Undergrad: 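This is the structure I have questions about; it appears just below.
Letters A, B, ... mirror the listed sequences (proteins, then strands); counts begin at 1. Keep in mind that this is a model prediction, so the values were computed, not measured. The basis for the numbers below is simple: all heavy atoms, side chains too, and nothing from hydrogens, waters or symmetry mates.
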Number of protein chains: 2
Amino acid sequence: MRAGTAVSGQVVAMCSALGDETRWSILTALGEGDASASALARRLPVTRQAIAKHLAVLHEVGLVDTVKAGREVQYRVIGTELSATARRLDAIGTEWDRRLAALKHVAESL
Amino acid sequence: MRAGTAVSGQVVAMCSALGDETRWSILTALGEGDASASALARRLPVTRQAIAKHLAVLHEVGLVDTVKAGREVQYRVIGTELSATARRLDAIGTEWDRRLAALKHVAESL
DNA sequence: ACCTAGTGCAGCCATAGGGTTGCATGTCGT
DNA sequence: ACGACATGCAACCCTATGGCTGCACTAGGT
């Protein structure tokens, strides 16, 4: 089992989506309850259109889902994808540390 | 216990660092063994200076560590921070899904 | 029917950041 | 001592992208 396996582009996209403060503020806001883009724009210091863009990228990577409620579109946070990539990252990190421990072991056996 | 806790800036920085393909190629390369910036520049299709910049941000978030070996600087991947943030992300994702399940439960009890 | 509120789309601006070249410095081997 | 290689720093270019304004459209409420 090789260590340096090419990381799925999905992981990169997910991390890229999570690498923005505004997006996290949106996610945490949604964590307190479903909301529409306009509703989010009211509680956050950014425009609705900006929020709409962010919601688009969040939806792209599967972090949020849309629920049509009448004329508005409610957004809802989904934890599944996040947890999945988190586990992949954890595995990678563990693998690195495992390799490091092996290196250390070799060094001490000299 | 509230769900929408403000996410640590460390997590955002880490995700931002992981949101770049080139950085991942560097990390996976380092996963196969320690290497200097110049050594990495030889196997990757980017300049040494570009790699140096990436290594700087990776070092910033604690994904790599430096080991001075004579005149060159060897870089080494560290899994600890990655695993730590991965667990935090997993917890957040689980929390979201827990909330979602609760919502569903409420909906069904009507 | 009309007004209001929510959404979508397009265009524009400005900055961040990934990538480059160039040069100066520093260190190892011979 | 000197040449070769590794690093550090600075300046620069260009694209991606976060943010905005503006407009057209649609769907509810009264």
Undergrad: Would you say A:Thr47 reaches D:dG19's phosphate, i.e. side-chain N/O to OP1/OP2 under 4.0 Å?
TA: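 It does not, given that no N or O in the side chain of A:Thr47 lies less than 4.0 Å from OP1 or OP2 of D:dG19.
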
Undergrad: Taking NZ from B:Lys68 and C1' from C:dC28, how many angstroms apart are they, rounded to a whole number?
TA: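 Whole-Å distance recorded here is 14 Å.
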
Undergrad: Give B:Ser38 one of three labels, base, sugar-phosphate or nothing, depending on what nucleic acid heavy atoms sit under 4.0 Å from its own.
TA: sugar-phosphate

Undergrad: Hey, does B:Ala37 reach any base, or is it just sugar-phosphate, or nothing, if we go heavy atoms under 4.0 Å?
TA: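 Sugar-phosphate contact only.
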
Undergrad: Please confirm whether any donor atom in the side chain of A:Arg23 sits under 3.5 Å from an acceptor in the base of D:dG18, or the reverse.
TA: no

Undergrad: DNA chain D: B:Ala52 or A:Asp20, which has the more 5' nearest nucleotide?
TA: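 On the 5' side of the pair lies B:Ala52.
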
Undergrad: Suppose we screen for side chain to side chain contact (heavy atoms under 4.5 Å, CB included). Which residues come up paired with A:Asp90, at least two apart in sequence or across chains?
TA: A:Thr94, B:Ser83, B:Ala86, B:Arg87

Undergrad: Find which nucleotide of DNA chain C each of A:Gln74 and B:Gln49 is nearest to by heavy atoms, and output the residue with the more 5' nucleotide.
TA: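 The residue mapped nearer the 5' terminus is A:Gln74.
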
Undergrad: Tell me the interatomic distance from B:Glu21, atom CD, to C:dG17, atom P, rounded to whole angstroms.
TA: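 B:Glu21 atom CD is separated from C:dG17 atom P by 18 Å.
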
Undergrad: Would you classify A:Ala50 as touching base, sugar-phosphate or nothing, given that sugar-phosphate means primed atoms plus P, OP1 and OP2, and contacts are heavy atoms under 4.0 Å?
TA: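 If one applies the 4.0 Å heavy-atom cut-off, A:Ala50 turns out to touch the sugar-phosphate alone, with no base involved.
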
Undergrad: How many whole angstroms separate atom CZ of B:Arg48 from atom C1' of C:dT20?
TA: 12 Å

Undergrad: Measure from the side-chain heavy atoms of A:Glu72 and tell me the nearest of C:dT7, D:dA6, D:dT7.
TA: C:dT7

Undergrad: Return the value, rounded to whole Å, for the distance between atom CD of B:Glu60 and atom P of C:dG18.
TA: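 So the two atoms are 13 Å apart, to the nearest Å.
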
Undergrad: Got a donor-acceptor contact below 3.5 angstrom from the A:Arg48 side chain to the A:Ala41 backbone?
TA: no

Undergrad: Heavy atoms, side chains only, cut-off 4.5 Å: are A:Leu18 and B:Val11 in contact?
TA: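 Sidechains of B:Val11 and A:Leu18: no contact.
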
Undergrad: Please state whether the base of D:dG29 and the side chain of A:Arg71 form at least one donor-acceptor pair under 3.5 Å?
TA: no

Undergrad: In whole angstrom, what separates A:Arg42's CZ from C:dA5's P?
TA: 9 Å

Undergrad: Measure CH2/B:Trp24 against P/C:dG18 and give the value in whole Å, please.
TA: 15 Å

Undergrad: Where each residue is assigned the nucleotide of DNA chain C containing its nearest heavy atom, which of B:Ala69 and B:His54 is assigned the position nearer the 5′ end?
TA: B:His54

Undergrad: Are the charged groups of B:Asp34 and B:Arg76 less than 4.0 angstrom apart, N to O?
TA: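 Salt bridge between B:Asp34 and B:Arg76, a charged N being under 4.0 Å from a carboxylate O: yes.
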
Undergrad: Rounding to a whole Å, what distance do you find between B:Ile51:CD1 and C:dT20:P?
TA: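 Spelled out: CD1 on B:Ile51 to P on C:dT20 is 9 Å.
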
Undergrad: Looking at every non-hydrogen atom in both residues, tell me the closest pair between B:Ile78 and A:Trp96 and how far apart they are.
TA: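 Looking at all heavy atoms of both residues, the shortest contact is O-CE3, 3.7 Å.
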
Undergrad: D:dG19 P sits how many Å from A:Leu55 CG, rounded?
TA: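 From A:Leu55 CG to D:dG19 P: 12 Å.
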
Undergrad: Please determine whether any donor N or O and acceptor N or O are separated by less than 3.5 Å between the side chain of A:Lys53 and the base of D:dG19.
TA: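 Check passes, donor-acceptor contact within cut-off.
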
